[in-house]
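Remarks on the structure that follows.
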Amino acid sequence: MSEQTADGTESVTDGEKRGGFPRFRHTPAGPDFGRFVEAMRRLQDLAVSTNVPDDVLADIATQAEELADRLTPYEVPEGKSPAGSNIQLPGRGSLLMLPWMVEKFDTEGVRSTGVFRRYHLGGNGAAHGGVLPLLFDDVFGMTVHAGGRPISRTGYLHINYRAITPLNTQLVIEGKVDRVEGRKTFVSARLTDLDGKLLADGEALMIELLPGQP
Ligand SMILES: CCCCCCCC/C=C\CCCCCCCC(=O)SCCNC(=O)CCNC(=O)[C@H](O)C(C)(C)COP(=O)(O)OP(=O)(O)OC[C@H]1O[C@@H](n2cnc3c(N)ncnc32)[C@H](O)[C@@H]1OP(=O)(O)O
């Protein structure tokens, strides 16, 4: 059973295995959306990798504020932006996600490839330890989705950091469902370089939402 809400999402109730999760409609990305997100990613990379003289930075800060002012009138509720649901774009078009491309998305699992960029730097040339769980959690969410399991939330997420994860190097992550026990889906994933060197592996418990659970 579902009912339409004011913001255009559908609030789905019992029987559809989505808890209280709305059924968001896909919002297609227009022809320039991918370009826009990539430009924003470049800005993020540069924001953490430049040392700009004060007089230049004052001007740039004003321009950044003007850009934000131009975007503000177009703010929309969750699920109504192209960000996040366009699987043909890096990071599904979401600036929060790693800019990786989904190459495989089926019941056998999910495979995604990409690089960590300057924005993701932790220390001494390696990716920040905190961005790996972001990558793994998103892959686990997609793995559950691709596996036809109901909407689930992460109960726990465990990462083993096996080797330094380099920046600007093509990497691959593969996630799969290991087993299902009632509401519980146990998933695992491996992050490797293109030579197959293991950089990190992880496992998570994804728990199916009960009716009404947010
Ligand atoms: C149209 C275009 C489409 C394009 C394609 C797009 C596809 C994209 C698809 C998707 C991509 C997006 C993917 C993102 C995904 C991200 C997911 C997240 O990160 S979610 C945020 C972080 N997680 C939370 O915030 C949870 C907070 N916690 C909760 O809400 C509750 O704890 C909840 C609902 C998870 C469970 O609570 P209870 O009260 O219903 O259940 P209880 O009884 O506690 O647990 C159920 C079972 O699980 C075990 N359990 C629970 N937590 C456990 C733990 N930490 N460790 C071990 N066992 C645990 C319990 O022992 C119990 O097991 P026993 O049934 O008795 O066998």
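Both ligands and their constituent atoms are indexed starting at 1 by order of listing. Just so it is clear, the values below take in all heavy atoms, side chains as well, and ignore hydrogens, waters and symmetry mates.
Take His26 and apply the side-chain hydrogen bond (donor to acceptor under 3.5 Å, both in side chains) test, not counting sequence neighbours, and it matches Ser85. Annotation: salt bridge (charged side-chain N to carboxylate O under 4.0 Å, His left out) contacts of Arg117 (sequence neighbours excluded): Glu38, Asp45.
Looking at heavy atoms from C-beta onward, Arg92 lies in side-chain contact with Asp138 at the 4.5 angstrom threshold. By the 4.5 Å heavy-atom criterion applied to side chains, Phe136 and Ile173 are counted as neighbours.
Side-chain contacts under 4.5 Å among hydrophobic residues (ILVMFWY), followed directly or transitively, place Ile60 together with Val52, Val56, Leu57.
In terms of heavy-atom proximity, Glu103 sits nearest to Thr113 at OE2-OG1, 3.0 Å.
The 4.0 Å heavy-atom shell around ligand 1 contains residues His26, Ser85, Ile87, Arg92, Asp137, Asp138, Gly141, Met142, His145, Arg153, Thr154, Gly155, Tyr156, Arg183, Lys184, Leu205, Ile207, Leu209, Leu210, Gln213, ordered by chain and number.
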